[in-house]
Amino acid sequence: ISEQKANRLITALRGYSELIKAYEVLNYKAVATSAMRDASNGQQIIDRIKNEAGINVEIIDGKNEAALVFSNHIEELLNPKHAYLYIDVGGGSTELTLYYDNKVIAAKSFNIGTVRILVDKTGKEEWEEMKAWLKRNTVGIHPLFGIGSGGNINKIFKLSGKKETKHLSYERLKGIYEMLCSYTYQERIERLDLKPDRADVIIPAAKVFLTVMKNADIEKVFVPQVGLSDGLVHQMYDEYT
């Protein structure tokens, strides 16, 4: 991670540190995921954050990340007779959690993320590993539904214009993916009102979701619009109570 990016991060976290004091926050939790896990200077930056911003940041592994995302208790809102695959697509990794018969039966983190794809840091072997894991762990489980997590699937859902139902079909998602690909980066910002840091990563995110759905034979993905930060809140609440 470059010094410029590290400095910007520490400046931002100094701001959070002041807000924590100003609002007399009882407790907080800060975690770093895939990018910091893989960076050769990740721990150095964590130490700098502690020294310069006064915030403790924990680098969490992929399994932990998947567990945190799943701790949102979304399964309580869904049909217990069905099987669900929780799909959380981030910048550096994709977390998959298979929920069946009221329990987690498999979970894995893959180094396939939107930013990695953009900078061409995701090789064919990672894609093949994820496809093989999906086919191995979902064989014989039918019907299987997806649960989509992350800012990109939330934005894709918004672009779909759906209001009543909280799910997207594979075909609908594929149609939105093709529509996004038909626009240039600038057009995605101007015509679709996407923020610059969303307009580039939304296409690889849609590609990951489509790949997962195709290889796990998932026809529809639910979009409850929660993610890792919501999972942290749930975890802190459970600890506090």
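Proximity of a side-chain donor or acceptor of Arg172 to a complementary backbone N or O of Ser160 within less than 3.5 Å is detected. With hydrogens and angles ignored, the 3.5 Å screen pairs no side-chain donor or acceptor of Ser93 with any backbone N or O of Ile112. In this structure, the side chain of Asp61 engages the main chain of Asn64 through a donor-acceptor pair within 3.5 Å. Arg14 places no side-chain N or O within 3.5 Å of a backbone atom of Ala53 that could act as its donor or acceptor partner.
Nearest heavy atom pair, residue Ala106 against residue Trp133, reads CB-CZ2, 3.7 Å. Considering every non-hydrogen atom in both Val208 and Val89, the closest pair reads CG1-CG2, 3.8 Å. Nearest heavy-atom pair, Ala199 versus Tyr185, reported as atom, atom and distance to 0.1 Å: CB-CE1, 3.6 Å. The minimum heavy-atom distance between Ile156 and Ile176, with the atom names listed, is O-CD1, 3.8 Å. In terms of heavy atoms, Ile55 sits closest to Tyr28 at CA-OH, 3.5 Å.
A salt bridge does not link Lys174 to Glu171: none of the charged nitrogens lies less than 4.0 Å from a carboxylate oxygen.
Residue Asp193 holds its CG atom at 14.0 Å from CZ of Arg188, rounded to the nearest 0.5 Å. From Phe222, atom CZ reaches atom OG of Ser149 across 15.0 Å, with rounding to the nearest 0.5 Å. Leu210 contributes atom CG, which lies 11.0 Å from atom CG of Asn215 (distance to the nearest 0.5 angstrom). Atom OG1 of Thr138 is separated from atom CG of Leu96 by 10.5 Å, given to the nearest 0.5 angstrom. Rounding to the nearest 0.5 Å places CG of Leu134 at 9.5 Å from CZ of Arg136. Residue Lys29 holds its NZ atom at 9.5 Å from CD1 of Ile60, rounded to the nearest 0.5 Å.
Side-chain contact of Asn111 with Arg37: a donor-acceptor pair under 3.5 Å is absent, judged by distance alone.
Judged by the 6.0 Å and 45° rule, Lys108 forms a cation-pi pair with Phe110.
Within 6.0 Å of CD on Glu128 lie more than 12 heavy atoms contributed by other residues, nucleotides or ligands. When the shell of 6.0 Å around OH of Tyr170 is examined, it contains more than 12 heavy atoms from other residues, nucleotides or ligands. The local environment of CG in Asp120 is sparse, with at most 12 non-hydrogen atoms from other residues, nucleotides or ligands closer than 6.0 Å. In Gln4, the CD atom is not crowded: 12 or fewer heavy atoms of neighbouring residues, nucleotides or ligands sit closer than 6.0 Å.
When the side chains of ILVMFWY residues are joined at heavy-atom separations under 4.5 Å, either directly or via intervening members, Val139 and Ile141 end up in two distinct hydrophobic clusters.
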